[in-house]
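What follows is a set of notes on a single structure, which appears directly below.
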Amino acid sequence: MANIFLVSDTHFGHAGVCHFLRNDGTKLRPWDTPEDMDEEMVKRWNSVVKPNDKVYHLGDVVINRKALSTLHRLNGEKILIKGNHDIFKLEDYTPHFRDIRGYHVLNGMIMSHIPVHEESIARFGVNIHGHLHSNRVLKDGVIDPRYFNVSVEQIDFTPISLEDVKIRIKEQGGMTNFRS
């Protein structure tokens, strides 16, 4: 049986992200070059995702057209939820993704690149998203359990299974009644 995985903000080919800093001044990503970053993330991806698994990539997949060639090396049937950096023409992405969407609802949860507005989340219960990299959605100064960030910086630069996401959402006090 195929597994479902989630990931966001790989930014394959992005030299700048190798130099970005977290709020505390530490490096956002441990690599110095996009080549090293891409190679390690491909290795980590393929270590968990098998060829028949499904992967929802929640946006910002590559930063330049040259990096699109990296995508054919990634295991799984991939679906892209477009992010703010996914700016190329649709035909640039279609050889690498089975489907391309603006958002997707799965098991009663909405998946998007940018977190949905707080007033819209009640309909879904949980928003699985990316975009925030090392940050989380806060409410009154604490992590809001209705939001779950799958940016690579949050998941050890490795796609995370939907089952693990559900467990973590429950542990942080979020939704417990996932629909099929």
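Every heavy atom of this structure was used, including side-chain atoms; hydrogens, water molecules and symmetry mates were not.
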Show your working on side-chain contact (heavy atoms from CB on, under 4.5 Å) between His129 and Ser112 and close with a plain yes or no.
CA-CA 5 Å; His129 64 86; Ser112 59; 4.1 Å; yes
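- Qualifying side-chain hydrogen bond (donor to acceptor under 3.5 Å, both in side chains) partners for Asp164, counting only residues two or more places apart in sequence or in other chains: Ser161.
- For Tyr103, the OH atom is loosely surrounded, since the number of other residues' heavy atoms within 6.0 Å does not exceed 12.
- The side-chain heavy atoms of Thr70 and Val62, taken from C-beta on, include no pair separated by under 4.5 Å.
- Looking at Leu162 and Lys54, their side chains never come closer than 4.5 Å, going by heavy atoms from C-beta outward.
- Side-chain atoms of Asp36 never come within 3.5 Å of backbone atoms of Thr33 as a donor-acceptor pair (strictly under, hydrogens ignored).
- Residue Leu106 is not grouped with residue Ile114 when hydrophobic side chains (ILVMFWY) are merged at heavy-atom distances under 4.5 angstrom, including chains of intermediate members.
- Applying the ring-ring contact (aromatic ring centres under 6.0 Å, His included) test to residues at least two apart or on different chains, the pairs with a partner in residues 39-87 are His11-His85, Tyr56-His104.
- Across Gly130 and Ser8, no two heavy atoms sit closer than the pair CA-OG, 3.3 Å.
- Contact of the Val48 side chain with the Asn3 side chain is not registered, since no non-hydrogen atoms from C-beta on lie closer than 4.5 Å.
- If you take CG on Leu68 and CG on Asp92, they are separated by 6.0 Å, rounding to the nearest 0.5 Å.
- The two atoms that bring His96 and Lys78 nearest to each other are O-CE, 3.3 Å, heavy atoms only.
- Here Ile143 is tied into one hydrophobic group with Leu138, each link being a pair of ILVMFWY side chains closer than 4.5 Å.
- Considering all non-hydrogen atoms of both residues, Lys27 and Arg22 come closest at O-NE, 3.4 Å.
- Without hydrogens or angle criteria, Tyr147 side chain to Arg136 main chain gives no donor-acceptor distance under 3.5 Å.
- The two residues Phe88 and Ile63 make their nearest non-hydrogen contact at CZ-O, 4.0 Å.
- For Asp144, the side-chain hydrogen bond (donor to acceptor under 3.5 Å, both in side chains) partners at least two apart in sequence or on another chain are Arg146.
- Both Leu58 and Ile87 are part of a single hydrophobic cluster, where members link through side-chain heavy atoms under 4.5 Å apart.
- Interatomic distance, Ile160 CD1 to Ile4 CD1, rounded to the nearest 0.5 Å: 13.5 Å.
- Of all non-hydrogen atoms in Thr10 and Val7, the two that sit nearest each other are CG2-CG2, 4.2 Å.
- Interatomic distance, Phe148 CZ to Leu6 CG, rounded to the nearest 0.5 Å: 9.0 Å.
- Rounded to the nearest 0.5 angstrom, Leu90 CG and Phe97 CZ are separated by 11.0 Å.
- Between Lys166 and Glu163 there is a salt bridge, since a side-chain N of the basic residue sits under 4.0 Å from a carboxylate O of the acidic one.
- For the side chain to side chain donor-acceptor pair (under 3.5 Å) test with Asp60, the passing option among Lys82, His14, His113, His131 is His113; the others fail.
- Judged by distance alone, with hydrogens and angles left aside, the side-chain atoms of Gln154 form a donor-acceptor pair with the main-chain N or O of His133 at under 3.5 Å.
- The distance from the CG atom of Asn46 to the CG atom of Asn75 is 4.0 Å, given to the nearest 0.5 Å.
- Taking Glu39 as the reference, Arg73 meet the salt bridge (Lys or Arg N to Asp or Glu O under 4.0 Å) condition, with sequence neighbours excluded.
- More than 12 heavy-atom neighbours from other residues, nucleotides or ligands sit within 6.0 angstrom of CD on Glu91.
- No more than 12 heavy atoms of other residues, nucleotides or ligands shown are found within 6.0 angstrom of NZ on Lys43.
- Side chains of Phe157 and Glu40 form no contact here, defined as non-hydrogen atoms less than 4.5 Å apart.
- Asp38 places no side-chain N or O within donor-acceptor distance of the main-chain N or O of Glu35, the cut-off being under 3.5 Å.
- Distance alone, capped at 3.5 Å, is enough to place a donor-acceptor pair between the Arg44 side chain and the Asp156 backbone.
- Between Ile155 and Phe5 there is no side-chain heavy-atom pair separated by less than 4.5 Å.
- Distance OG1/Thr26 to CG/Leu21: 7.5 Å, rounded to 0.5 Å.
- Contacts of Ser151 classified as side-chain hydrogen bond (donor to acceptor under 3.5 Å, both in side chains), with partners at least two apart in sequence or in another chain: Asp9, Asn149.
- Closest of all the heavy-atom pairs between Ala2 and Asn52 is CB-O, 3.1 Å.
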